[in-house]
A.B. asks: 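Take this structure first; my questions come after.
It should be emphasised that the depicted structure is a prediction, and the values quoted were computed from it without experimental measurement.
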Amino acid sequence: MSNSRKYSSAVVDGYERAASRAMLYPVGFKKEDFKKPQVGIASTWSMVTPCNMHINDLAKEAESGVNSAGGKGVIFNTITISDGISMGSEGMKYSLVSREVIADSIETVTACQGFDGVVAIGGCDKNMPGCLMGLARLNRPSVFVYGGTIQPGKNHTDIVSVFEAVGKRANNDISDIELEQIESTAIPGPGSCGGMYTANTMASAIEALGMSLPNSSSQDAISNDKNTDCVRAGEAVLKLLDKDIKPSDIMTKKAFENAITLIITLGGSTNAVLHLIAMADAISVDLTIDDFTRIGAKVPVLADLKPSGKYMMSELVQIGGTLPLMKMLLDAGMLHGDCLTVTGETLAENLKNVKPYDEDQKIIMPLDSPIKKDSHLRILRGNLALEGSVAKITGKEGLKFQGSAKTFACEEDALQAVLKDKIVEGDVIVIRYEGPKGGPGMREMLAPTSAVMGKGLGGKVALITDGRFSGGTHGFVVGHITPEAFVGGALAIIEDGDEILIDAENNRLELLVDDSVIKERLSRWVKPASKYTKGVLAKYAKLAQSASRGAITE
């Protein structure tokens with residue numbers, strides 16, 4: 001038996017497997033295909049979001065690559081949801097849960113059908129880590145393909161422009177007609193949200209990890225380059241099968257360190273902390289929030305990309321994508337060049353002939369003139385975050401904030417307070433019971449943070465939560481607070497008017513009241529009842545671990 005057919009042979013070889021073969025003839029198998037390695041192509045296509053609307057076309061390109069290289073490609077689907085559509089609603093509670101469903105479904109279909117290898121194509125925030133978690137669990141030769149970034153909307157707008165326009169409309173800075181013009185032109189077609197938000201962050205991280213082909217993270221969704229990327233990914237899986245290179249050979253601790261380094265230089269999303277820890281757990285690599293602090297102390301922010309910067313991913317694509325940046329980091333000794341990748345070669349070998357950026361480009365700063373000398377992703381601890389929290393502090397909003405708490409038990413109440421001018425300069429907005437168990441589902445707080453910006457309060461107020469943030473969020477924000485309020489974390493007992501300190505220089509998050517007061521309040525605290533007792537959210541709430549462990553399920 002060929003090692004490249006380790007799994008499919010058990011499903012289709014021999015007279016006793018005639019019934020299995022009979023089922024496969026109607027879906028396009030020919031007699032000769034039963035002797036070829038079978039490669040499952042996990043498509044996250046869906047018409048619920050522009051991020052994924054084109055992915056079945058990309059899956060067909062990957063299938064052609066598999067078939068031309070001597071394998072048999074089989075396309076199957078998994079789900080996707082839209083953060084952008086569900087943001088600020090109850091539906092957003094299903095977002096992080098979908099990561100687990102995607103991982104489970106890729107594992108389930110691949111293992112059941114006996115695929116020898118996998119190409120997984122993702123185009124939105126949760127499908128990417130979900131795909132990688134599924135591939136890691138299976139540990140069969142695999143390649144991930146990013147669906148690609150969207151083009152900018154009219155007047156250089158994107159989805160975050162629309163969220164921030166809501167705040168401007170509430171502030172009467174724009175009219176209903178102006179809001180409608182922005183909302184109807186900000187999303188021009190297929191592709192993932194255009195800044196260095198979670199989708200582009202995770203695509204870049206996965207490429208640095210070695211699990212996608214060079215430059216897969218830096219291509220437009222609708223382009224010849226992206227089609228070619230998919231064909232080459234299909235071909236690459238056959239090479240990985242031939243060499244028996246599996247995710248466990250690629251997704252090592254050093255590879256995760258490479259991923260963290262790249263996303264810091266790009267000014268990436270806080271969600272990367274959550275997702276990279278979950279992906280590492282799936283491949284049994286010990287990665288913790290403290291690794292982000294360790295690496296971040298010596299890695300600068302170099303990219304002037306949205307949300308805190310000026311440019312979009314499509315503009316980074318035009319100057320060469322992430323490869324010249326990775327070459328710059330490698331030459332400076334900041335990446336592990338000996339890590340194996342899905343090309344079958346090392347990261348250093350992949351980058352050997354990469355040319356530097358043109359000198360006149362303005363998107364990626366030189367190492368000796370960074371936007372910020374160390375990481376914008378700060379792991380804060382203190383009496384409000386005994387197990388840690390994650391802040392996104394670019395330095396543009398300052399490095400410290402002390403203010404007076406205004407508390408809310410859900411995101412919707414906080415949003416209404418912002419829109420109705422109940423939040424003023426010096427406030428610390430506290431949104432609790434939005435963690436993995438308390439939400440359940442750990443919603444992103446893009447609606448209130450964007451409203452804060454639209455109201456002109458950016459830098460004047462802060463927001464802390466046991467929920468999380470969209471990659472499009474910017475401002476003085478702290479999320480992933482653990483222990484979360486629902487399990488009795490100190491976030492649960494903050495009262496209106498309490499002073500809160502956010503210190504990104506010393507990495508502290510403190511409730512400025514006496515320890516005796518905290519202890520007394522906790523003794524009176526009563527755990528709220530969850531309104532979800534059946535279904536997916538109830539299941540997730542029961543199984544979900546702390547955000548500091550990636551909010552994985554066990």
A.B. asks: With a 4.5 Å heavy-atom cut-off, do C51 and S192 have their side chains touching?
C.D. replies: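 When only atoms from C-beta onward are counted, S192 and C51 do touch, with a gap below 4.5 Å.
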
A.B. asks: Please list, chain by chain and in numerical order, all residues satisfying salt bridge (charged side-chain N to carboxylate O under 4.0 Å, His left out) with D125, sequence neighbours excluded.
C.D. replies: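 Testing D125 for salt bridge (charged side-chain N to carboxylate O under 4.0 Å, His left out), a comparison that skips the adjacent residues, returns none.
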
A.B. asks: Name all residues meeting the salt bridge (charged side-chain N to carboxylate O under 4.0 Å, His left out) criterion together with K527; count only those two or more places apart in sequence or in a different chain, and write none if there are none.
C.D. replies: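 Partners of K527 by the salt bridge (charged side-chain N to carboxylate O under 4.0 Å, His left out) criterion come out as none, since no residue qualifies.
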
A.B. asks: Restricting to side chain to side chain donor-acceptor pair (under 3.5 Å), what partner residues turn up for D466, sequence neighbours left out?
C.D. replies: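 In terms of side chain to side chain donor-acceptor pair (under 3.5 Å), with neighbours along the sequence ignored, D466 is linked to no residue.
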
A.B. asks: Would you check if N227 and L58 make a side-chain contact, meaning some heavy-atom pair closer than 4.5 Å?
C.D. replies: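 Yes, their side chains come closer than 4.5 Å.
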
A.B. asks: Going by salt bridge (Lys or Arg N to Asp or Glu O under 4.0 Å), name the pairs with one or both residues in residues 245-262, residues two or more places apart or in two chains.
C.D. replies: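 Checked against salt bridge (Lys or Arg N to Asp or Glu O under 4.0 Å) - neighbours excluded - the pairs reaching residues 245-262 are D244-K246, K253-D291, K254-D338, E257-R294.
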
A.B. asks: T49: what forms a side chain to side chain donor-acceptor pair (under 3.5 Å) with it, not counting sequence neighbours?
C.D. replies: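 T49 satisfies side chain to side chain donor-acceptor pair (under 3.5 Å) with no residue once adjacent residues are dropped.
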
A.B. asks: Can you name the side chain to side chain donor-acceptor pair (under 3.5 Å) partners of T78, sequence neighbours left out?
C.D. replies: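 S105.
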
A.B. asks: Listing request: all salt bridge (Lys or Arg N to Asp or Glu O under 4.0 Å) pairs with a residue in residues 129-148, at least two apart in sequence or in separate chains.
C.D. replies: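 Salt bridge (Lys or Arg N to Asp or Glu O under 4.0 Å) check on residues 129-148 returns D104-R137, E107-R137.
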
A.B. asks: Filter on salt bridge (Lys or Arg N to Asp or Glu O under 4.0 Å), then keep only pairs touching residues 545-554, sequence neighbours left out; what's left?
C.D. replies: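 Salt bridge (Lys or Arg N to Asp or Glu O under 4.0 Å) check on residues 545-554 returns R549-E554.
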
A.B. asks: Would you check if V145 and V119 make a side-chain contact, meaning some heavy-atom pair closer than 4.5 Å?
C.D. replies: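 Yes, their side chains come closer than 4.5 Å.
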
A.B. asks: Side chains of S548 and T482 only: does a donor on one sit below 3.5 Å from an acceptor on the other?
C.D. replies: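 Short answer, yes.
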
A.B. asks: Using the salt bridge (charged side-chain N to carboxylate O under 4.0 Å, His left out) criterion, which residues pair with R443? Sequence neighbours excluded.
C.D. replies: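 So R443 forms a salt bridge (charged side-chain N to carboxylate O under 4.0 Å, His left out) with E411, E412, E434.
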
A.B. asks: Sort and list the pairs that fulfil salt bridge (Lys or Arg N to Asp or Glu O under 4.0 Å) and have at least one residue in residues 188-210, not counting sequence neighbours.
C.D. replies: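 Passing the test, one end in residues 188-210: no pairs.
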
A.B. asks: Less than 4.5 Å apart, any side-chain heavy atom of K306 and any of V160?
C.D. replies: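 When only atoms from C-beta onward are counted, V160 and K306 do not touch, as no gap falls below 4.5 Å.
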
A.B. asks: Can you list everything that forms a side chain to side chain donor-acceptor pair (under 3.5 Å) with D413? Sequence neighbours excluded, please.
C.D. replies: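 For D413, no residue satisfies side chain to side chain donor-acceptor pair (under 3.5 Å) once neighbours in sequence are set aside.
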
A.B. asks: Please name all residues satisfying salt bridge (charged side-chain N to carboxylate O under 4.0 Å, His left out) with E61, sequence neighbours left out, ordered by chain then number.
C.D. replies: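 Partners of E61 by the salt bridge (charged side-chain N to carboxylate O under 4.0 Å, His left out) criterion come out as none, since no residue qualifies.
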
A.B. asks: Please work out whether the ring planes of F401 and F476 are parallel, tilted or perpendicular, with thresholds of 30° and 60°.
C.D. replies: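 Aromatic pair F401/F476 classed tilted.
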
